Amino acid sequence: MADQQARTGEDRRPTQIPVIRWEEPPEGPVLVLLDQTRLPAEEVELVCTDAPALVEAIRSLAVRGAPLLGIAGAYGVALAAARGFDVAEAARALEEARPTAVNLSVGVRRAQAAHQEALAATGDPTAGAVAALAAARALHQEDAVASTRMAAHGLALLDELLPGGGHRILTHCNSGSLVSGGEGTAFAVTLAAHRAGRLRRLWVDETRPLLQGARLTAYEAARSGMAYTLLTDNAAGSLFAAGEVDAVLIGADRIAADGSVANKVGSYPLAVLARYHHVPFIVVAPVTTVDPATADGASIEVEQRPGFEVTELSAPQVPVAGAGGGIPVAPLGTQAYNPAFDVTPPELITAVVTEEGVVSPVTAEALAELCAGQGRTAA
Ligand SMILES: CSC[C@@H](O)[C@@H](O)C(=O)COP(=O)(O)O
């Protein structure tokens, strides 16, 4: 089997990639984002001076992944407040930018609540803006801490489920420091296994159609020096059949109250394969991704993306040709089915790893208890 050899010390860049920061130049505050649509070809930054620019960055996936969407949303509210825009309107637009990742609305609402509370207490818009920014910074920091804790809990779980070590892990989409204030969710567990000398290989699903696996997870894996191999999504079946996968680790965009997990489309087929082949299927997500207000998998709104993402290959370095600006790979006018996410039912999930510990089996009661610990209930 063709392998990408482990790199040791070849690439000395830090594994934690700065993806978002707040700056205050003389012209006014800005939110600076690493434009993820340009990776891995170029590391280019996007500067947002207002909430509409951030909404566009969220829709285009320049900034993406559940925890980072929450952080970005909170900073977006702070930006609107600091620049004197209508905060309620900005919050609404940010929340609606993408529907599936619950963290986006959690982040937006937290900053908005801090803004409202400070404004009500002082009547001073500056105090409101300062409070919104403090809430965004706190969320950013908390996500880094949660990431470290998820990595520790996840590694302990892997060691328990796979006592022999030498883990061969399959992942889908991207769940590393590109989506987090820290080192991410599922990818952070993989990194912890790598650092502990217990990762034999990370199998990276390319993740059609937008290639978050190939463009982003492979980019993060290469920086970390871990051994990794890229595969097309439809090669996963033969990989399982060959006995090459010890565990599947993925992140989540929303976990319903019943334990159903929405994650990047292609996650559910992996769960089915994992069950058939008796391989643990593990979801890693902060407690904020559990949504007690969404009863079950059928109630999760799955974002539908434009068809051209499927009918064309697009990347910034590819010349403009089709309707979406990419190279057509299907006859003009072909209709495409392009849901961004799918939903895996709890009975196919071995465990949900959070910063507060491991939930296994995945039950509504255990998840409700976690949320209650953060003061979040269905009401
Ligand atoms: C911690 S990341 C979990 C998910 O957000 C991730 O797996 C994912 O599906 C991201 O989708 P994206 O459409 O790239 O935002």
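When a ligand or atom number is given, it counts from 1 through the structure's own listing order. Remember, it's a predicted structure, so these values are computed and weren't measured experimentally.
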_Salt-bridge criterion met for Asp246 and Arg168 (N-O under 4.0 Å)_ =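 Salt bridge between Asp246 and Arg168, a charged N being under 4.0 Å from a carboxylate O: yes.
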
Judged by non-hydrogen atoms, does [X] sit under 4.0 Å from ligand 1?
X: Ala340; value: no
X: Phe341; value: yes
X: Gly184; value: no
X: Ala101; value: no
X: Arg98; value: yes

Under 4.0 Å to a heavy atom of [X] - the qualifying atoms of ligand 1, by number:
X: Asn174; value: 2 (S), 6 (C), 7 (O)
X: Gly251; value: 3 (C)
X: Cys173; value: 6 (C), 7 (O), 8 (C), 9 (O), 10 (C), 11 (O)

Look at [atom] and say which protein heavy atom is nearest, naming residue and atom and giving the distance to 0.1 Å.
atom: atom 1 (C) of ligand 1; answer: Thr185 OG1, 3.0 Å
atom: atom 7 (O) of ligand 1; answer: Asn263 OD1, 2.7 Å
atom: atom 5 (O) of ligand 1; answer: Ala66 N, 2.9 Å
atom: atom 9 (O) of ligand 1; answer: Asp253 OD1, 2.9 Å

Practice prompt. For the residue pair Leu210 and Leu61, establish whether any side-chain heavy-atom pair is separated by less than 4.5 Å.
Written response: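 They are in contact (side-chain heavy atoms under 4.5 Å apart), so the answer is yes.
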
